[in-house]
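These numbers were taken from a predicted model, which means no experiment stands behind them. A, B, ... follow the sequence lines: proteins, then strands. Residue 1 opens every chain.
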Number of protein chains: 2
Amino acid sequence: MPLTRKGAATRQRIVEGAASEMRRLGVFSLTLDDVLRRTGTSKSQLFHYFPGGKDELLLAVARYEASGVLGDQQPELSALNSWSAWRSWRDKVVERYRDQGPNCPLNAVMGQLGPTSEGARAVVRELYAQWQGELAAGIRSMQSQGEIEPALDAERGARALLAGVQGGVLIHLTTGSLEHLEAALDQGIEFLRRPRAQA
Amino acid sequence: MPLTRKGAATRQRIVEGAASEMRRLGVFSLTLDDVLRRTGTSKSQLFHYFPGGKDELLLAVARYEASGVLGDQQPELSALNSWSAWRSWRDKVVERYRDQGPNCPLNAVMGQLGPTSEGARAVVRELYAQWQGELAAGIRSMQSQGEIEPALDAERGARALLAGVQGGVLIHLTTGSLEHLEAALDQGIEFLRRPRAQA
DNA sequence: AAAAAACTGGACTTGTGGGTCCATTTTCGC
DNA sequence: GCGAAAATGGACCCACAAGTCCAGTTTTTT
């Protein structure tokens, strides 16, 4: 069942509208009618494009949002090959979440763990994997330049940094403060720069 | 409206049963009937003790769970005054989340941000504040013993560590792996131990 | 022990939101 | 331009879960 040009546009409009409404209302209270009203479409259209109903739609939204998360960190994230790149990546991350304000569609969708569970999990898992991969690549790049000690395990460092960022964002969601995200980023990067102790 | 002995017991039974069902089903699909069935109570009882309905119940569950989170880290968390205490605290945290498996009632409740929103936020905010306070106290204690450089900002260090832990737990929820939590804890603690660079 | 207050059971109401159906219109390939 | 396939509108259904009510029982208080 190929999509016609118009069909593809409508489908896209629905996903974007749903994402937008979700930021406004949160997943919890997002209803299909909200989406329809927002996008000027009808139920039959929604179910035409998402036969799986709400779950399938939410999954599509999750994918849409996930792609944005990494995209917003470019081009820095893919080229962490100088300390100034790291710094400007750090600033971009903080900026992104400052703008987004205290609501994270992705985290919200995850909370909706229902039948969607496996699918949503997979999307987020993939996001983490890519993110961590980019960070690890950045660390290795700095190591090859002699700016980071070769003894440091790049994957492990990337894991810790990613955890810090995720936690910082999570805390931002509930407290509205970016202090934790900043602290995690700054200390994470400082950790990389500092030579290991000769333990 | 004072509670009789029996009433208090029933109320408590409801909260604990709800918490337990929530771990099983997630907030999303937790219904009041589930709670009633589980606790052998009736609707009128539930609304008798929680006039605010589901929201109020969820809030009570959140408080209940929040108190457990810090409790499970004791006594280490309140006495982070030696490296071995830090290590054993670290192990306890990892253990706790290993046991709990990939579901976090608190995070789940947060996802349910509705009218409860403000109340739930407050509960979690308070939890973070206490947690961070204990960590900061631990850092200061180590500084007073000369084990951590006095130049380090204790609150900032506590923030970064807390963010790492939260992120590690969050990632655990979706990936099922504890690697990130461990990496964040280990690097966070190592960061504290290592002398600052003479930048 | 008797009255008041707290507690309990369970039937009932109700709003809502996901999902279905089908008739009609538009788009697309040839 | 014509027929098939895709797209659309909107009325309809229905399950289900939150919340109400009140009659009856147990506990507390004096």
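Between the P atom of C:dG17 and the CG atom of A:Leu58 lies a distance of 15 Å, rounded to the nearest Å. If you measure from atom NE2 of A:His48 to atom P of D:dA5, you get 13 Å, rounded to the nearest angstrom.
A:Arg24 meets the side-chain contact (heavy atoms from CB on, under 4.5 Å) test with A:Glu21; sequence neighbours excluded. Shown here are the salt bridge (charged side-chain N to carboxylate O under 4.0 Å, His left out) partners of A:Asp34, two or more places apart in sequence or in another chain: A:Arg37. With sequence neighbours excluded, no residue forms a salt bridge (charged side-chain N to carboxylate O under 4.0 Å, His left out) with A:Lys6. The salt bridge (charged side-chain N to carboxylate O under 4.0 Å, His left out) test applied to A:Glu155 returns A:Arg140, not counting sequence neighbours. Take B:Phe50 and apply the side-chain contact (heavy atoms from CB on, under 4.5 Å) test, not counting sequence neighbours, and it matches B:Arg11, B:Ile14, B:Val15, B:Leu46, B:Glu56, B:Leu57, B:Ala60. In this structure, A:Glu16 has no salt bridge (charged side-chain N to carboxylate O under 4.0 Å, His left out) partners at least two apart in sequence or on a different chain.
Within the structure, the salt bridge (Lys or Arg N to Asp or Glu O under 4.0 Å) test picks out the following pairs touching residues 123-134 of chain B (sequence neighbours left out): B:Glu118-B:Arg125. Applying the side-chain hydrogen bond (donor to acceptor under 3.5 Å, both in side chains) definition to pairs two or more places apart or across chains, those involving residues 62-72 of chain A are A:Arg23-A:Glu65, A:Asp72-A:Arg96.
Scanning residues 10-21 of chain B for heavy-atom distances under 4.0 Å to DNA chain D yields an empty list.
Salt-bridge check for B:Glu95 with B:Arg98: passed, with a basic side-chain N closer than 4.0 Å to an acidic carboxylate O.
Note on A:Tyr49: every side-chain N or O is 4.0 Å or more away from OP1 and OP2 of D:dA6.
Residue B:Phe50 is out of contact with every strand shown, counting any heavy-atom pair closer than 4.0 Å.
A perpendicular orientation is assigned to the rings of B:His172 and B:Tyr97, their planes being inclined by more than 60° (bins at 30° and 60°). Using a 30° and 60° split on the angle between ring planes, B:Trp83 and B:Trp86 fall in the tilted class, from 30° to 60°.
Residue B:Glu76 comes nearest to B:Ser88 through the heavy atom pair CG-OG, 3.0 Å, listed as atom of the first residue, atom of the second, then distance.
Helix bend of the helix from C:dA1-D:dT30 to C:dC30-D:dG1: the angle between its two end axes, each built from five pairs, comes to 30° after rounding to 10°.
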Exercise for review: Scan nucleotides 24-30 of chain C nucleotide by nucleotide, 5' to 3', and note B when protein non-hydrogen atoms come under 4.0 Å of the base, S if they reach only the sugar-phosphate, - if neither.
Suggested key: --SSS--
Practice item. At under 4.0 Å between heavy atoms, which parts of nucleotides 10-24 of chain D does protein reach? Answer with one letter per nucleotide, 5' to 3': B base, S sugar-phosphate only, - none. Key: B------SBBBB---
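B:Ser42 contributes atom OG, which lies 11.0 Å from atom CZ of B:Phe47 (distance to the nearest 0.5 angstrom).
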